[in-house]
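We're numbering straight along the sequence, starting at 1. Only heavy atoms go into these numbers, but all of them, side chains included; no hydrogens, no water, no symmetry mates.
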Amino acid sequence: MSYKKIERMTGFMRINHWVVAISMIVAIVTGLYIGHPYYQSFIADPAVDKYVMAWNRLGHLIVAIIFDVSSVIVAYLYFFSRFEKPYKKLIPNAKNVKEFVDVFINLITLNRVKEFDSSHTDSFNSIFFFVFHMLLVWMLFTGLQLYVHGLASGLSSIGAWWPAILHLTTDWVVVATGGTYMDVRISHHYTMYAIIAWVMFHVYYQIWRTIFWKEGDINIVVGGSKFVEE
């Protein structure tokens, strides 16, 4: 039995993956603190004197900006990447639907039925990641609405134009979530748990594929390649 090496992720794609992963951890830790402060400064001074909340909000904002930039990059690569074009796997044609079903059956039967080519990105994983990106987009809009709501004066350090743009592009979120800013906050919070659940399944599935397929899938985000039987 011989295997051939298949490139699945470029160096830039791997860097983007780990930047998003690290940013997500920071966003969850700081976001949970913003919603319900669960630790204080480890010194005698009160937390308010050490700006614990301010530092958490700053960290949350910075990683949110990183998420925004990453989302724009991913959206561009979806259609214009020279390595692969993921949007083609989202088209609900007969080939993609069959592949999605085959991969799903392979998962629930613990690899007893494998009737698809695992050397490329399959429809199941493509749709799974598309859901993740949509969750990030929703977090972006709800987060920006919460951010601009905090600018009660309508001003920011870079002028009034920035809050005006945010109101123009995100005020619809208030109506979509129920009509109040608390609804936006709750939606933002619950979406975080949906993303945590997504990440847990993602890690599980990659380990599952590595064990059952024996093609080194776990190496894709490290070395960029996997192996498939010739």
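- Considering CG of L90 and OG of S126, their distance stands at 6.0 Å, rounded to 0.5 Å.
- V137 and V131 fall within the same hydrophobic cluster, where Ile, Leu, Val, Met, Phe, Trp and Tyr residues are linked whenever their side-chain heavy atoms come under 4.5 Å apart, directly or through other members.
- For the ring pair (Phe, Tyr, Trp, His ring centres under 6.0 Å) criterion with Y76, the lone passing option out of F79, F80, Y78 is F80.
- Classified by interplanar angle (parallel below 30°, tilted 30° to 60°, perpendicular above 60°), the ring pair H133/F129 is tilted.
- Separation of atoms CD1 (I211) and CG (D217) is listed at 11.0 Å; rounding is to 0.5 Å.
- The main-chain N or O of K226 is never found under 3.5 Å from a side-chain atom of E215 such that the two would form a donor-acceptor pair.
- The number of heavy-atom neighbours closer than 6.0 Å to NZ of K95, taken from other residues, nucleotides and ligands shown, is 12 or below.
- Residues W18 and V29 do not share a hydrophobic cluster, defined by chaining ILVMFWY side chains whose heavy atoms lie under 4.5 Å apart.
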Margin query: Between V20 and M24, does the side chain to side chain contact (heavy atoms under 4.5 Å, CB included) criterion hold? Intermediate values first, please.
Written below: CA-CA 6 Å; V20 169; M24 188 181 307; 4.1 Å; yes
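- Of all heavy-atom pairs between N96 and N93, the closest is N-OD1, 2.8 Å.
- Hydrophobic cluster membership differs between V72 and V74, with clusters built from Ile, Leu, Val, Met, Phe, Trp and Tyr side chains linked at under 4.5 angstrom.
- Within a 6.0 Å sphere centred on CZ of R185, other residues, nucleotides and ligands contribute 12 heavy atoms or fewer.
- Rounded to the nearest 0.5 Å, atoms CD1 (I220) and CD (E7) are 11.0 Å apart.
- Residue-environment remark: CH2 (W172) exceeds the threshold of 12 foreign heavy atoms within 6.0 Å.
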Margin query: Working note: L77 + E84, criterion side chain to side chain contact (heavy atoms under 4.5 Å, CB included); need CA distance, chi angles, decisive distance, verdict.
Written below: CA-CA 8 Å; L77 293 178; E84 64 178 8; over 6 Å; no
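- V222 and I218 get closest at one heavy-atom pair: CG2-O, 4.2 Å.
- The shortest non-hydrogen separation linking E115 to K98 is O-NZ, 4.4 Å.
- Under the 30°/60° scheme for interplanar angles, the aromatic rings of H149 and Y181 are found to lie parallel.
- Remark: M134 CE is packed, more than 12 non-hydrogen atoms of other residues, nucleotides or ligands lying under 6.0 Å away.
- Pairing each heavy atom of M9 with each of R14, the nearest pair is O-NH1, 3.0 Å.
- Contact of the S123 side chain with the V97 side chain is not registered, since no non-hydrogen atoms from C-beta on lie closer than 4.5 Å.
- Considering every non-hydrogen atom in both S23 and I66, the closest pair reads OG-CG2, 3.5 Å.
- Ring pair F12/F83: centre-to-centre distance not below 6.0 Å.
- S71 and D68 share no side-chain donor-acceptor pair at under 3.5 Å.
- For CZ of F130, the number of neighbouring non-hydrogen atoms (other residues, nucleotides, ligands) closer than 6.0 Å is 12 at most.
- Other members of the cluster containing V26 are V63, with ILVMFWY side chains joined at under 4.5 Å, either directly or via other members.
- Between Y190 and Y193, the angle of the ring planes lies from 30° to 60°, which puts this pair in the tilted group.
- Ring geometry for W162 against Y147 counts as tilted: the plane angle lies between 30° and 60°, on a 0 to 90° scale.
- Linking ILVMFWY side-chain heavy atoms closer than 4.5 Å, directly or via other members, places F67 and I196 in a single hydrophobic cluster.
- Atom OG of S118 is separated from atom CG of D102 by 12.0 Å, given to the nearest 0.5 angstrom.
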Next item on the list: Test V101 against I105 for side chain to side chain contact (heavy atoms under 4.5 Å, CB included), laying out the working first.
Entry: CA-CA 6 Å; V101 173; I105 291 175; 3.7 Å; yes
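- The two residues W138 and V173 come nearest to each other via the heavy atoms CH2-CG1, 4.1 Å.
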Next item on the list: List the steps, then state whether side chain to side chain contact (heavy atoms under 4.5 Å, CB included) holds for H120 with K89.
Entry: CA-CA 11 Å; H120 62 272; K89 288 292 183 178; 3.3 Å; yes
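- A donor-acceptor distance shorter than 3.5 angstrom exists from the side chain of N111 to the backbone of F212, with no hydrogens or angles considered.
- Residue-environment remark: NZ (K114) exceeds the threshold of 12 foreign heavy atoms within 6.0 Å.
- Two different hydrophobic clusters hold I25 and V221 under the rule that ILVMFWY side chains link at heavy-atom gaps under 4.5 Å.
- At least one side-chain heavy atom of Q206 sits less than 4.5 Å from a side-chain heavy atom of N125.
- Here the OG1 atom belonging to T142 is positioned 12.0 Å from the CG atom belonging to D183, to the nearest 0.5 angstrom.
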Next item on the list: Please report the C-alpha distance between W55 and Y51 in whole Å, then the side-chain angles of each, then the deciding distance to 0.1 Å, and finally whether the ring-ring contact (aromatic ring centres under 6.0 Å, His included) criterion is met.
Entry: CA-CA 6 Å; W55 282 111; Y51 309 106; 8.1 Å; no
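- Taking the six-membered ring for Trp and the full ring otherwise, the centers of F116 and W213 sit less than 6.0 Å from each other.
- Considering only heavy atoms from C-beta on, H189 comes within 4.5 Å of L32 through its side chain.
- Few gaps surround CZ on F201; more than 12 heavy atoms of other groups in view lie less than 6.0 Å from it.
- T170 pairs in a side-chain contact (heavy atoms from CB on, under 4.5 Å) with only one of the listed residues (V148, V184, L146, L140), which is V148.
- The structure places CD1 of I34 at 6.5 Å from CE of M53, a figure rounded to the nearest 0.5 Å.
- Looking at heavy atoms from C-beta onward, Y205 lies in side-chain contact with L107 at the 4.5 angstrom threshold.
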